[in-house]
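Structure first, commentary second.
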Amino acid sequence: MNEAFGIPKDKLSKLEEIIDSAGRIAVLSHMNPDGDAVGSCAAVASFLSEVRGKDVTVVLPNAPGAPLDFITKRIPKEKLLIHGEDPEAAVKAIGEADAIFVLDLNRLDRVSGEEDALRSAKAPKVLIDHHLGPEVEAFDLVFSKAEVSSACELIFQILMEIVGDAKKLPPTCAYALMCGMTTDSNNFANSVFPSTLRMASALLEAGVDRDEIVESVFNSYRINRIRLLGHMLDNCLQTTPEGAAWMILTQEIKERFDFRDGETEGFVNIPLTSKDIRLSLFLTEEDDRFRVSVRSRKGTSAREIASRFFHGGGHENASGGRLLIPEDIPSKSDAGAYVEKATKECLK
Ligand code: 5GP
Ligand code: MN
C-alpha cells in the first residue's frame, strides 16, 4: 500500500521533522464540528500520543453534538478543550504547543474564536484537509486533496505512508478514521473514490467494527428527532419549480421539540431524494443569524450559492454558511424570501 496514494516524500519528511521536534501538540478543527472533524482530531491525537508519545490536546471552537458522543468519547476528557466553554485554556494550549495540526478546514476563520491565537502562534502549523482552495500561506506544511471522501481518508493515506499497514494503527485511531469517512461520505453515498473503498477494506481487516459505527451514526437518535423531522417535512418544506427546496428551523420549533445540537444532521439531504429537486437548503435559527446547510445534485453547485449568498463555501455538492441579520436581511421573517431569491439566481 506504500506510495500508492501519491503523498510527496518531501512533505512526509517535513512532517516527521515537525513531529520529532515537538513535545506538546495542539490538534484543531472547525466550528460546529461534524463526524469528520471530530474523527480527524481523535485519529491524529491517538496516533501522536499512543504511537509517538506526544502530549496532545484537541481544541474545538464549540462542543460536538451529543449524536457524535461515540467518537468524541475516544478523545481523553482532560485532553479535549472547547474554546466556547474555556477560551483561556484553549488559547493557552494553542500558544504553548510546539506544533499545531489543523484538520478538515481550508480557511483559518473556520476555527472561529481561536483564529487570532492560531494566526499568532509561533509553532509550525500543519494543515490536512480535503476542501478546495486552502489558505496555504497560513501554514508551514499543507496536505490538501479534494479527491478523497473526507479529511479522515487523507489522514489515513498519510499514516499508511508512515506506518505501512492499517493493523499498526492504534484501535482508537483506526476507529476514528472509519467514523469520519463514514459520516462525510454519508455511509458511502457521496464522494466515494477507489481509495475510499481501499481504506474501508484495510480498516475492516484491521478489526474496526463498522456495524457499531453505522448503528451509532444513523440509528441512535432520540425519538424527538424523528418527530421534528416529520414536522419539518410536513409544515416547513418549501419548493420551487426550478428545483430548489428549503426548510427553516426556527427558535420556536426548536423549543417545541426540545431540539439539541446535531439532531438535524441529514435533514438537508432528504429533499434531494425527489427527482424534482436539485438544490436543497436547511436553515437553523441561532441568536442573530441562521446557520445554513446546502446540498446539491451533480451539475448544480451548492458551493456557488453558499459563497455568493451565505458567506460560506465548502464542497461542490455539500456546502454551508450563514445568513446574517441585519447585514443580509432586516429581520428573521425575511429569511424565506431571501432564500427563494438566491435559489432563483443560482438555478437560472
Ligand atoms: P454542513 O452543512 O454539514 O454544516 O456543512 C457541509 C460542508 O460545508 C462542510 O463539510 C464544510 O465543508 C462546508 N461548510 C459549512 N459551513 C461553512 C462555512 O461557514 N464556510 C465554509 N467555507 N464552508 C462551510
Ligand atoms: Mn470533512
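Values reported hereafter were calculated over all heavy atoms of this structure, with side chains retained and with hydrogens, waters and symmetry mates removed. First listed ligand is number 1; within each ligand, the first listed atom is number 1.
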- [ ] Record the part of Arg291 in heavy-atom contact with ligand 1 below 4.0 Å; permitted values are side chain, backbone, both and neither.
- [x] neither
Task: Ser185 to Ser149 - nearest heavy-atom pair and separation - done: CB-CB, 4.3 Å
Task: Shortest reach to atom 7 (C) of ligand 1 by a heavy atom, considering only Ala318, Ala151, Ala306 - done: Ala318
Task: Verdict with supporting geometry, Lys254 and Glu285, salt bridge (charged side-chain N to carboxylate O under 4.0 Å, His left out) - done: CA-CA 9 Å; Lys254 278 184 177 178; Glu285 184 179 337; over 6 Å; no
TODO: Among all protein heavy atoms, pick the one closest to atom 5 (O) of ligand 1 and tell me residue, atom and distance.
DONE: Ser319 O, 4.0 Å
Open item on the list: How far is atom 19 (O) of ligand 1 from the closest protein heavy atom, and which atom is that?
Closed with: Arg322 NH1, 2.8 Å
Open item on the list: So which atom in Asp104 and which in His130 form the shortest heavy-atom distance, rounded to 0.1 Å?
Closed with: OD1-NE2, 3.1 Å
Task: Any donor-acceptor N or O pair under 3.5 Å, side chains Lys145, Gln157 - done: yes
TODO: Would you name the heavy atoms of Asp140 and Ala123 that are closest together and state the gap between them?
DONE: OD2-O, 4.1 Å
TODO: Examine the proximity of ligand 1 to His131 and report which part, side chain or backbone, both or neither, has a heavy atom under 4.0 Å away.
DONE: side chain
Open item on the list: Are any of the N/O atoms on Val294, whether in the backbone or the side chain, positioned under 3.5 angstrom from an N/O atom of ligand 1?
Closed with: no
Task: Ser293, portion touching ligand 1 at heavy-atom distance under 4.0 Å - done: both
Under 3.5 Å, which donor-acceptor pairs do the side chains of residues 307-319 form with other protein atoms, sequence neighbours left out?
unit_1, atom_1, unit_2, atom_2, d
Ser307, OG, Arg303, O, 2.9
Ser307, OG, Glu304, O, 3.3
Arg308, NH1, Glu304, OE2, 2.6
Arg308, NH2, Glu345, OE1, 3.3
His311, NE2, Asp328, OD1, 3.1
His311, NE2, Asp328, OD2, 2.9
His315, NE2, His131, NE2, 3.0
Glu316, OE1, Arg303, NH2, 2.8
Glu316, OE2, Ser301, OG, 3.2
Asn317, ND2, Ser296, OG, 3.0
Asn317, ND2, Arg297, O, 3.2
Asn317, ND2, Thr300, O, 3.2
Ser319, OG, Arg303, N, 3.4
Ser319, OG, Gly313, O, 3.3
Ser319, OG, His315, N, 3.4
Ser319, OG, His315, O, 2.7

TODO: Check the Mn ion (ligand 2) and write out every protein N, O or S atom at under 2.8 Å, as residue and atom.
DONE: Asp36 OD2, Asp104 OD1, His130 NE2, Asp184 OD2
Open item on the list: Can you tell me how far apart CD (Glu135) and OG (Ser144) are? Round to the nearest 0.5 Å.
Closed with: 12.5 Å
TODO: Classify the side-chain pair Tyr175/Glu212 by whether it contains a donor and acceptor separated by less than 3.5 Å.
DONE: yes
TODO: Specify side chain, backbone, both or neither for Arg295, according to which of its non-hydrogen atoms lie closer than 4.0 Å to ligand 1.
DONE: side chain
Task: Glu115 with Arg107: basic N within carboxylate O range, under 4.0 Å - done: no
Task: Identity and distance of the protein heavy atom lying nearest atom 13 (C) of ligand 1 - done: Gly313 O, 3.4 Å
Task: N or O pair under 3.5 Å between Gly320 and ligand 1 - done: yes
Open item on the list: Test question: given the 4.5 Å side-chain rule for I, L, V, M, F, W and Y, name all other residues clustered with Val91, or answer none.
Closed with: none
Task: Sub-4.0 Å heavy-atom contact, Arg110 with ligand 1 - done: yes
Could you tabulate the donor-acceptor pairs under 3.5 Å formed by side-chain atoms of residues 266-275, not counting sequence neighbours?
unit_1, atom_1, unit_2, atom_2, d
Thr273, OG1, Ile270, O, 2.6
Ser274, OG, Asp276, N, 3.0

